[in-house]
Amino acid sequence: MLLSPQVLAQQAYPVDTVTMIVPYASGGAGDIVGRLVADDLGQRLGVTFVVENLGGASGTLGAEKAARAPADGSTLLLAGNAIFTTAPHLAEVPFDPFADFTAIANVSEAVRLLAASKHLPVTNFQEFVTYAKENPGALNYGSVGVGSTGHVATVDLLRVLEIEATHIPYKGAAEVVQALLSGDIQFMLDAAAVAQAKQDTVTALAVPGATPLAALPDVPTYADLGITSMTGTGWQMVMGPAGMPPDVVAMIEAALKAASEDPAFLEKLAKAGVSPRFIAGPELAAALQEDFTKQGALLAAIGVKK
């Protein structure tokens, strides 16, 4: 349910229009979630939300703009966790991933799917591994950018499976999917592949982690396949510039909490291929710090660091 008029009446939101920066190209899970969140927050807070897609540099271009925006609640960022926990390990970024942002709340998580192109002569995970080993270096895979969670998770998987493949970065998930459909790349690891797998236009191979996807219950998990050391979840969270007034942050967090308990909003997330996962600001900030350290160690172990 929406926040009640009594709650909203306690304090009006300080601006009439809010720009929600989505640091990805249109069409991917981050973009879809960003638009859902912007629409929902607009209704709950009684203000106009405008979505601005600003992709590029693994999401750091959009994040930089958000970090430099006025801290008055007029600019928010719908971001994936890799922008803060992975990208800074891979290249110099024009912001401090923690000091320059206010963690407001996490909204959802996207469970990635390992999927192969129909142009590749494989029908399951075992056949994929066999083909890749028999054709070393012949496969290309795509992601939404160097340092994205999908990229890092794929590199880690290739390391574990002892497979060679070439990474091709794209500006957005929709481009990666199109490349998979056309055969320009042979596989991808991203939540955006779920919808295509449901339509049987790509070959679903495996689900990272130990929990099956409700949309694809017959697809084996990494745990089913004996791979227990890796997961493949990406978070979608609302962040703001550092120094936002605590009362404004509290209003946004409360609205996102209410959305996380609203069946209508949860249904929209499900249709977008992501699962709800509300994490309040302080806990989110701590989780990002912890993951930043873990990602640094992982990237060092697999030899992918700046």
Side-chain angles (χ1 to χ4, degrees), residues 24-32 55 58 80 82 110-209 212-227 230-234 271-274 302 304:
Y24 313 106
S26 60
D31 173 56
I32 296 172
S58 300
V111 178
R112 289 170 172 78
L113 173 69
L114 179 66
S117 170
K118 288 290 186 178
H119 296 270
L120 196 67
V122 303
T123 61
N124 56 48
F125 182 82
Q126 288 78 10
E127 291 180 2
F128 168 76
V129 174
T130 299
Y131 183 92
K133 290 188 174 183
E134 291 178 348
N135 299 273
L139 301 183
N140 297 328
Y141 68 95
S143 81
V144 297
V146 175
S148 63
T149 49
H151 173 220
V152 174
T154 305
V155 171
D156 197 22
L157 176 64
L158 297 177
R159 177 184 64 86
V160 170
L161 297 177
E162 299 181 333
I163 289 174
E164 297 178 21
T166 300
H167 177 226
I168 301 179
Y170 292 86
K171 292 182 179 179
E175 290 186 9
V176 184
V177 169
Q178 187 55 48
L180 189 69
L181 294 174
S182 67
D184 289 343
I185 60 173
Q186 286 69 54
F187 68 101
M188 67 183 292
L189 180 59
D190 196 285
V194 174
Q196 298 299 327
K198 289 172 63 178
Q199 298 172 29
D200 196 32
T201 55
V202 301
T203 302
L205 300 175
V207 178
L213 277 175
L216 299 167
D218 296 329
V219 178
T221 66
Y222 278 5
D224 295 331
L225 299 166
I227 304 171
M230 302 183 307
T231 61
T233 298
K271 289 181 178 178
V274 301
I302 64 180
V304 183

Closest approach of [X] to [Y] (non-hydrogen atoms, all atoms of both residues):
| X | Y | answer |
| --- | --- | --- |
| S143 | H167 | OG-NE2, 2.7 Å |
| S117 | G183 | OG-CA, 3.8 Å |
| E127 | P121 | OE1-O, 4.5 Å |
| A173 | V144 | N-CG1, 3.4 Å |
| R112 | D190 | CG-CA, 3.7 Å |
| H119 | L180 | CD2-O, 4.5 Å |

Would one find more than 12 heavy atoms of other residues, nucleotides or ligands at under 6.0 Å from atom [atom1] of [X]?
| X | atom1 | value |
| --- | --- | --- |
| K133 | NZ | yes |
| K118 | NZ | yes |
| Q199 | CD | yes |

Applying side-chain contact (heavy atoms from CB on, under 4.5 Å) to T203 and F128, what does each step give before you reach the verdict?
CA-CA 10 Å; T203 302; F128 168 76; over 6 Å; no
Could you give me the CA-CA distance, side-chain angles and deciding distance for Y141 and L189, then say whether side-chain contact (heavy atoms from CB on, under 4.5 Å) is met?
CA-CA 8 Å; Y141 68 95; L189 180 59; over 6 Å; no
Going from [atom1] on [X] to [atom2] on [Y], what distance comes out if it is rounded to the nearest 0.5 angstrom?
| X | Y | atom1 | atom2 | value |
| --- | --- | --- | --- | --- |
| T221 | L216 | OG1 | CG | 13.0 Å |
| Y222 | D224 | OH | CG | 12.5 Å |
| N140 | I168 | CG | CD1 | 4.0 Å |
| L157 | I227 | CG | CD1 | 5.5 Å |

Are Q126 and L225 side-chain neighbours, meaning at least one heavy-atom pair lies under 4.5 Å?
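A side-chain contact exists here, since the closest heavy-atom pair is under 4.5 Å.
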Keeping the roles fixed (side chain from [X], backbone from [Y]), state whether a donor-acceptor pair exists under 3.5 Å.
| X | Y | value |
| --- | --- | --- |
| T201 | Q196 | yes |
| D156 | A153 | no |
| Y131 | L120 | no |

Starting from the C-alpha separation in whole Å, work towards a yes-or-no answer on side-chain contact (heavy atoms from CB on, under 4.5 Å) for V122 and T130.
CA-CA 9 Å; V122 303; T130 299; over 6 Å; no
Test D184 against Q178 for side-chain contact (heavy atoms from CB on, under 4.5 Å), laying out the working first.
CA-CA 8 Å; D184 289 343; Q178 187 55 48; over 6 Å; no
